[in-house]
Number of protein chains: 4
Amino acid sequence: MTHGSLIWQTEKDCKMQTDQPEQKRQRRKDARPSEILEAGLALFAERGFAATRLEDVAKRAGIAKGTVYLYFSSKESLFEAALKDRMVSTMEGVSELTSSFTGSTEELFRLVLGRIYGQMIDGDAGVLLRILIGEGDRFPDLIALYREIALAKGMTTMKGILKRAEARGELRVPADEIDPRMIVAPIAILAIGGKIFGAQSPGDRDEFLERHLDLVLRGLLSANAGR
Amino acid sequence: MTHGSLIWQTEKDCKMQTDQPEQKRQRRKDARPSEILEAGLALFAERGFAATRLEDVAKRAGIAKGTVYLYFSSKESLFEAALKDRMVSTMEGVSELTSSFTGSTEELFRLVLGRIYGQMIDGDAGVLLRILIGEGDRFPDLIALYREIALAKGMTTMKGILKRAEARGELRVPADEIDPRMIVAPIAILAIGGKIFGAQSPGDRDEFLERHLDLVLRGLLSANAGR
Amino acid sequence: MTHGSLIWQTEKDCKMQTDQPEQKRQRRKDARPSEILEAGLALFAERGFAATRLEDVAKRAGIAKGTVYLYFSSKESLFEAALKDRMVSTMEGVSELTSSFTGSTEELFRLVLGRIYGQMIDGDAGVLLRILIGEGDRFPDLIALYREIALAKGMTTMKGILKRAEARGELRVPADEIDPRMIVAPIAILAIGGKIFGAQSPGDRDEFLERHLDLVLRGLLSANAGR
Amino acid sequence: MTHGSLIWQTEKDCKMQTDQPEQKRQRRKDARPSEILEAGLALFAERGFAATRLEDVAKRAGIAKGTVYLYFSSKESLFEAALKDRMVSTMEGVSELTSSFTGSTEELFRLVLGRIYGQMIDGDAGVLLRILIGEGDRFPDLIALYREIALAKGMTTMKGILKRAEARGELRVPADEIDPRMIVAPIAILAIGGKIFGAQSPGDRDEFLERHLDLVLRGLLSANAGR
DNA sequence: GATGAATGAGAGTTCATTCAT
DNA sequence: TATGAATGAACTCTCATTCAT
């Protein structure tokens with residue numbers, strides 16, 4: 001849930017659990033926002049937006065209810081902040097992978113999809129998507145934002161990979177005729193609907209990834225499939 | 001969603017109440033539960049569980065707030081009933097298609113996926129999923145139910161198709177090594193995250209289906225893709 | 001405090017105190033608004049707007065907290081409603097007095113000011129003014145409204161009296177040169193600042209009125225005042 | 001309100017803190033209480049007691065929230081201190097005018113009322129009244145104080161003027177039969193309810209004063225008014 | 001059965017006050 | 001002394017649920 005920004009988390013844990021173990025009335029203005037973010041993210045993921053009480057978020061962050069409002073002006077803005085925070089960190093790194101890669105398309109796919117798997121399933125990207133989806137039309141602005149930041153970037157990256165494959169003569173069909181969403185779909189399924197479609201153990205997931213890759217790359221049918 | 005016409009019928013009844021009091025009233029009484037179900041489903045889909053007010057459900061069903069409690073003991077139970085009702089009806093029909101089919105696997109896939117497309121996107125299956133997803137862990141029973149009824153059935157059907165293809169020598173890999181979820185994933189993506197991943201026009205959707213099919217059946221890479 | 005709309009109050013008291021003495025869960029949709037209005041008015045007057053808790057208003061009206069919101073959308077709108085209700089009833093009647101009067105200007109002043117005394121001091125008009133004044137710039141709309149409805153009407157009425165006096169040759173100066181506010185001012189002082197300027201016993205008030213009238217009508221100085 | 005310049009000075013100090021640390025800081029320390037008083041008074045006047053946040057008072061005084069509590073034990077005590085401070089300074093000066101005056105009563109009234117106009121409308125006396133009025137029964141001590149300090153003094157002065165006029169044979173009625181409040185009332189109206197009764201421009205005010213004087217001194221009716 | 005007025009627990013939010021620094 | 005982060009009681013407003021009619 002909270003692997004999105006491991007560095008901050010580490011920092012925070014140090015301060016909290018080592019230096020000032022059980023005190024009340026601490027002052028940690030710098031660390032607070034991300035702590036609250038984490039707490040909120042965890043609870044939003046667990047219960048959805050509406051069913052998450054700000055008091056519980058505060059409790060989980062180890063602070064009082066009112067303190068949340070020192071850093072976020074409302075429950076909604078906390079949610080927004082959590083979403084933005086994760087979107088940015090999630091979508092970074094993936095695109096960089098692509099540009100410098102020199103191996104085969106299959107290897108590149110393996111690398112990129114593997115990376116996305118991690119972000120989506122072990123990280124928080126899937127969680128956020130789930131909330132966004134579930135809250136219906138409550139957050140049209142956030143949906144728009146998500147589409148701009150996360151989707152657009154993801155699609156662009158994927159298009160890049162396909163173009164590259166096309167240039168190398170590895171594609172069966174023109175790159176333009178492939179919708180990147182279909183390639184990412186199984187991941188999204190796992191991320192969004194883990195509980196529903198079957199929350200996998202890490203081992204399962206690796207296997208799922210392999211099959212996903214194989215399916216996407218080579219398809220189901222044998223060359224001589226009777227049609 | 002699909003049975004939306006019922007609501008109109010209710011409205012009509014309202015208008016006619018003074019003209020034909022007894023008969024219409026009787027007919028409506030029998031229809032009540034499903035009318036409330038429809039209204040609930042529509043609003044849950046639109047706003048999520050928490051953000052849906054029972055008063056609005058009642059209004060949409062053309063009845064008074066208190067009347068809902070004559071048929072459902074709580075908001076939660078209405079939610080569960082609405083989802084269960086739809087789950088059962090949604091997943092029927094697909095499996096029958098398969099058993100009697102005699103053509104090629106590709107044609108069968110085209111038929112079955114097309115059918116699922118309809119159910120998921122134009123019907124309520126996607127809506128159901130969306131609601132379920134957003135409420136996190138709040139309705140574990142419903143999730144379990146969904147997995148039993150919808151997923152299990154869908155997976156079985158899909159497995160059947162794959163086995164059949166295998167028997168006909170059309171599969172590139174053993175049927176057992178294919179996870180049916182990967183085949184259905186792009187559809188689910190469209191159904192669940194229409195707003196997020198891009199709500200398609202019907203034309204778009206057909207094209208999406210074609211590409212989806214093609215991808216699944218033959219994969220991305222050309223036979224001589226450098227690896 | 002509550003003499004502004006005697007008719008409603010009477011009706012209401014009948015229903016409440018005679019017919020259904022001590023029941024909970026009553027249903028009195030028609031009487032409720034004015035009951036809540038009265039309760040609100042009383043508490044607003046006692047404590048000011050901000051310091052009045054809606055729960056106390058409810059308690060005083062003999063209902064539950066939430067019930068208030070069935071009739072008024074917010075605390076502010078309750079205040080508005082109370083203000084409007086009283087303004088209208090207060091300013092009515094005064095103007096009618098004037099039009100049909102045939103006696104001397106002094107008698108007319110005596111009549112009109114006496115009437116206003118009653119409204120302002122025994123009624124709620126003064127209370128409302130007090131709140132409006134004390135809450136500073138919180139209710140600019142209400143202040144504007146007050147000026148339109150209450151002030152404008154009052155000023156117009158007063159101007160009418162002055163014009164009438166002028167026509168009868170009773171005025172020492174042209175009617176246009178007299179600011180009606182100065183005539184009403186002592187009353188307003190008493191109404192607004194009863195506690196501060198000295199809350200009078202009814203006897204005091206009558207005497208105050210007499211002196212006020214005498215002062216206004218004939219002034220302080222004797223005809224031969226050395227200047 | 002009148003001492004507003006102090007606040008600017010404070011701001012300047014803030015800027016200079018690094019340049020001339022010790023001296024300025026010292027000077028500020030002594031000025032603190034009255035700076036806070038000013039800031040409080042200004043905001044209480046603007047918004048009323050409840051709607052004024054201590055944080056804003058601090059900000060306006062150029063200090064931090066917590067610092068207020070070094071000088072005042074609570075919001076209420078700040079409020080009381082602010083009002084007391086001003087009451088004392090406001091009512092001084094008027095009484096001295098009277099004792100040494102040798103001209104006609106009309107001229108004396110003109111002088112005294114003019115002075116009070118200034119205090120009430122341009123100074124803080126009206127503000128104080130306004131605040132006190134709005135808070136209903138919340139500060140009985142302050143109301144008592146106000147009556148003692150401000151009202152009593154004002155009334156005494158006014159009585160002195162009337163007695164003097166009586167001795168000079170200029171009064172139409174015995175001085176004892178005139179309530180000084182009626183003479184001051186129009187001023188209070190303007191001071192308290194500027195927004196409500198019409199906030200005047202300085203020109204308006206002078207004219208209002210003239211008419212006020214004329215009305216009070218000579219009354220409305222002509223000598224031969226039909227009665 | 002049907003209604004909708006009434007309820008009251010509960011949530012988000014504010015802000016006077018405290019206190020570690 | 002001065003600060004401002006932290007607190008938590010208190011408040012407004014919502015809405016699932018009840019029940020007299």
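Per chain, numbering begins at 1; letters A, B, ... match sequence-line order.
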Novice: Below the 4.0 Å mark, does dT3(F) have OP1 or OP2 next to a side-chain nitrogen or oxygen of Thr67(D)?
Specialist: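 It does, given that an N or O in the side chain of Thr67(D) lies less than 4.0 Å from OP1 or OP2 of dT3(F).
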Novice: Determine whether a donor-acceptor pair (one donor, one acceptor, N or O, separation below 3.5 Å) exists between the side chain of Lys65(C) and the base of dT7(E).
Specialist: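 By the distance-only test, no, there is no pair.
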Novice: Can you tell me the base-pairing partner of dG4(F)? Count Watson-Crick or G-U wobble geometry only, both distances below 3.5 Å, and say none if there is no partner.
Specialist: dC19(E)
Novice: For the pair made of NZ in Lys59(B) and P in dT3(E), what is the distance, rounded to whole Å?
Specialist: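 Spelled out: NZ on Lys59(B) to P on dT3(E) is 14 Å.
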Novice: Reading DNA chain F from 5' onward, which residue's closest nucleotide shows up sooner: Val68(D) or Phe49(C)?
Specialist: Val68(D)
Novice: How many whole angstroms separate atom CZ of Phe44(A) from atom C1' of dG12(E)?
Specialist: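 Taking atom C1' of dG12(E) as the reference, CZ of Phe44(A) is at 12 Å.
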Novice: Please pick, from dA16(E), dA16(F), dC11(F), the nucleotide with the shortest atom-to-atom distance to any side-chain atom of Lys75(B).
Specialist: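 The listed nucleotide nearest to Lys75(B)'s side chain is dA16(F).
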Novice: Specify the separation, in whole Å, of atom CD1 of Ile63(C) and atom P of dC19(F).
Specialist: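 Taking atom P of dC19(F) as the reference, CD1 of Ile63(C) is at 19 Å.
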Novice: Tell me: CZ of Phe79(A) to C1' of dG12(E), nearest whole Å?
Specialist: 17 Å
Novice: Can you tell me if the side-chain N/O atoms of Tyr69(C) get under 4.0 Å from OP1 or OP2 in dA5(E)?
Specialist: no
Novice: Select from Ala51(C) and Ala64(D) the residue whose nearest nucleotide in DNA chain F is closer to the 5' end of that strand.
Specialist: Ala64(D)
Novice: Hey, is the main chain of Thr52(B) close enough, under 3.5 Å, to the side chain of Lys75(B) for a donor-acceptor pair?
Specialist: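 Between the backbone of Thr52(B) and the side chain of Lys75(B) there is a qualifying donor-acceptor contact (under 3.5 Å).
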Novice: Mind calculating the distance between CZ (Phe72(C)) and P (dT14(F)) to the nearest angstrom?
Specialist: 15 Å
Novice: Quick check for you: among dG8(F), dT13(E), dT17(F), whose closest atom lies nearest to any side-chain atom of Ser74(B)?
Specialist: dT17(F)
Novice: Between Glu38(C) and Arg86(C), does any NZ, NE, NH1 or NH2 come within less than 4.0 Å of an OD or OE carboxylate oxygen?
Specialist: yes
Novice: With a 4.5 Å cut-off on side-chain heavy atoms, are Leu37(B) and Leu78(B) touching?
Specialist: yes
Novice: If you pin Thr52(A) and Gly66(B) to their nearest nucleotides in DNA chain E, which one's is more 5'?
Specialist: Gly66(B)
Novice: Could you state the CD-C1' distance from Glu55(B) to dA2(E), rounded to the nearest angstrom?
Specialist: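 So the two atoms are 15 Å apart, to the nearest Å.
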Novice: Look up atom CG in Leu132(A) and atom CZ in Phe44(A), then write down how far apart they are to the nearest 0.5 Å.
Specialist: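 The distance works out to 12.0 Å.
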Novice: Ignoring backbone atoms, test whether Arg32(D) places a side-chain nitrogen or oxygen under 4.0 Å from the OP1 or OP2 oxygen of dT1(F).
Specialist: no
Novice: Heavy atoms only: give me the nearest Ser77(A)-Phe72(A) pair and the separation to one decimal.
Specialist: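 Answer, listing the atom of Ser77(A) first, then Phe72(A): OG-CB, 3.7 Å.
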Novice: Calculate the interatomic distance between Leu78(C) atom CG and dT12(F) atom P; express it in whole Å.
Specialist: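 After rounding, the reported distance stands at 11 Å.
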Novice: What's the closest nucleotide to the Leu54(B) side chain, out of dT17(E), dA16(F), dG12(E)?
Specialist: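 Nearest listed nucleotide: dA16(F).
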Novice: Would you kindly give the CD-to-P distance between Glu76(C) and dC11(F), to the nearest whole Å?
Specialist: 18 Å
Novice: Please pick, from dT7(E), dA5(F), dA6(E), the nucleotide with the shortest atom-to-atom distance to any side-chain atom of Leu70(A).
Specialist: dA5(F)
